[in-house]
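In this text the structure is predicted, and so the values were computed from the model without any measurement. We count residues from 1, following the sequence as given. Only this structure's heavy atoms are used, side chains among them; waters, hydrogens and symmetry mates stay out.
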Amino acid sequence: MKVMEIQHVSKSYDNQLHVLKDISLSVNKGEVVAIIGPSGSGKSTLLRCATLLTHMDSGELSYLGKKAAWNDENGRAVYAKNLKEIRSCFGLVFQNFNLFPHYSVMKNLIDAPVSVMHRDPDQVRQEAAVLLEKMGLGDKADTYPCQLSGGQQQRVAIARALAMNPQILFFDEPTSALDPELTGEILKVIRQLAQEKMTMVIVTHEMAFARDVADRVIFMDGGVIVEQGDPAQVIGNPKEERTRQFLSRFSN
């Protein structure tokens with residue numbers, strides 16, 4: 001089953017900088033897709049378009065078969081009027097955590113499920129406590145983000161995304177703001193989610209992690225998908241010269 005599908009997505013800024021050029025991509029239930037590529041290749045913009053943070057110029061976007069955006073008669077993207085149901089399908093973990101600094105860890109987790117989804121606060125609190133335990137943060141419920149390490153803040157951010165019970169999780173370079181030791185913490189959490197068959201799309205510079213955890217690796221450059229396929233093939237034996245050039249900078 002396709003959880004997310006984008007077709008022929010294009011995005012430019014100021015009608016000059018073409019960040020995405022006719023990108024098509026689908027993600028199946030339980031699949032882990034890693035997106036790699038140089039800075040400025042369009043990876044983060046693709047995630048922002050997929051999660052409705054950035055409006056694409058043209059293309060189609062759907063979740064679980066429900067269309068969020070499509071082209072009008074002029075070939076320009078138009079969006080569904082009520083996107084609340086679509087937004088409930090996905091969660092997004094940012095590279096800079098984006099926690100509410102004035103909320104406790106627990107309130108960061110329960111705020112959206114209670115205020116946006118109108119779920120029972122006691123039930124949500126119980127589920128949030130379980131998520132914090134799973135993240136190794138069971139004793140941090142009443143702590144504030146500024147009192148946590150970067151790795152702990154990112155684990156809270158992952159727990160917050162999971163608290164919405166999403167069908168798919170997007171990660172935008174979740175370890176880029178962390179030092180190597182804390183990076184290991186986050187990759188361990190994502191690895192565990194992969195073992196649990198959580199559907200995920202991960203923009204990452206961690207090549208060994210992408211090779212070991214992803215079901216499919218996509219290499220982007222210049223706003224297009226240059227190569228995609230099995231991680232061992234794309235990272236270990238790429239077909240395209242541009243992919244080889246990029247990966248030569250990393251020691252596998």
Side-chain angles (χ1 to χ4, degrees), residues 2-13 16-51 53-54 56-61 90 92-95 168-178 180 183-184 186-191 193-195 197-252:
K2 291 179 181 176
V3 178
M4 188 273 294
E5 186 171 17
I6 56 177
Q7 293 184 312
H8 306 299
V9 169
S10 295
K11 176 65 182 177
S12 299
Y13 290 105
Q16 293 180 333
L17 180 62
H18 292 279
V19 184
L20 299 176
K21 305 171 186 174
D22 196 24
I23 294 270
S24 294
L25 168 69
S26 62
V27 182
N28 296 319
K29 186 174 178 61
E31 188 178 25
V32 179
V33 176
I35 303 178
I36 62 173
S39 297
S41 59
K43 307 184 302 295
S44 291
T45 301
L46 177 59
L47 249 61
R48 292 182 65 85
C49 287
T51 56
L53 291 174
T54 294
M56 53 198 185
D57 297 333
S58 61
E60 296 183 3
L61 170 65
F90 60 79
L92 175 59
V93 178
F94 299 89
Q95 53 185 293
I168 182 172
L169 264 186
F170 293 92
F171 293 86
D172 188 6
E173 297 188 15
T175 61
S176 65
L178 304 175
T183 291
I186 302 309
L187 298 183
K188 182 179 177 183
V189 169
I190 298 174
R191 197 181 296 267
L193 292 172
Q195 290 171 350
K197 295 300 180 185
M198 181 75 206
T199 310
M200 293 184 283
V201 176
I202 308 163
V203 170
T204 183
H205 285 300
E206 302 289 335
M207 295 303 134
F209 173 76
R211 182 187 58 211
D212 295 345
V213 175
D215 298 300
R216 179 161 41 115
V217 168
I218 292 171
F219 171 64
M220 286 184 66
D221 190 30
V224 300
I225 293 175
V226 176
E227 185 167 355
Q228 65 175 310
D230 178 83
Q233 180 263 305
V234 174
I235 294 177
N237 188 27
K239 296 175 182 174
E240 301 294 330
E241 176 60 26
R242 182 65 190 92
T243 316
R244 287 196 289 274
Q245 290 174 354
F246 172 75
L247 290 169
S248 69
R249 291 179 284 159
F250 298 89
S251 56
N252 291 324

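Residues Met56 and Lys11 come closest through the heavy atom pair CA-CD, 4.1 Å. Across all their heavy atoms, Ser41 and Met220 have their closest contact at CB-O, 3.4 Å. Between Thr243 and Phe219, the closest heavy-atom pair is OG1-CD2, 3.3 Å. For the pair Leu61 and Ala50, the tightest heavy-atom approach, listed with the atom from each and the gap, is CD2-O, 3.8 Å. Smallest separation of non-hydrogen atoms from Pro38 and Arg242: CG-NH2, 3.7 Å. When every heavy atom of Gly229 is checked against every heavy atom of Val234, the shortest pair comes out as N-CG2, 3.4 Å.
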Discussion item. Walk me through whether Gln233 and Lys239 qualify under side-chain contact (heavy atoms from CB on, under 4.5 Å).
Written reply: CA-CA 8 Å; Gln233 180 263 305; Lys239 296 175 182 174; 3.5 Å; yes

Worksheet item: Can you check side-chain contact (heavy atoms from CB on, under 4.5 Å) on Tyr13 and Val19, steps first, answer last?
Response: CA-CA 7 Å; Tyr13 290 105; Val19 184; 3.3 Å; yes

Fill in: Chi angles and distances behind the side-chain contact (heavy atoms from CB on, under 4.5 Å) call for Ile6, Cys49
CA-CA 9 Å; Ile6 56 177; Cys49 287; over 6 Å; no

Practice prompt. Show your working on side-chain contact (heavy atoms from CB on, under 4.5 Å) between Phe170 and Val201 and close with a plain yes or no.
Written response: CA-CA 5 Å; Phe170 293 92; Val201 176; 3.6 Å; yes

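The line from CD1 of Ile36 to NZ of Lys43 is 9.0 Å long, rounded to the nearest 0.5 Å. In this structure, OG1 in Thr45 is found 11.0 Å from CG in Leu53, a value given to the nearest 0.5 Å. Here Leu20 contributes atom CG and Thr54 contributes atom OG1; the two are 9.0 Å apart, rounded to the nearest 0.5 Å. Rounding to the nearest 0.5 Å places NZ of Lys2 at 10.0 Å from CG of Leu25. Distance check, rounded to the nearest 0.5 Å: CD1 of Ile190 to CD1 of Ile202 gives 5.0 Å. Between the CZ atom of Phe246 and the CE atom of Met207 there is a distance of 4.0 Å, given to the nearest 0.5 Å.
When atom types are taken as modelled, the side chain of Asp172 and the backbone of Phe94 share no donor-acceptor pair closer than 3.5 angstrom. One N or O on the side chain of Arg244 and one on the backbone of Pro238 form a donor-acceptor pair closer than 3.5 Å. Under the 3.5 Å distance criterion, the side-chain polar atoms of Glu227 are matched with a main-chain donor or acceptor of Glu240.
Salt-bridge annotation for Glu31 and Arg216: present, with a side-chain N of the basic residue lying under 4.0 Å from a carboxylate O of the acidic one.
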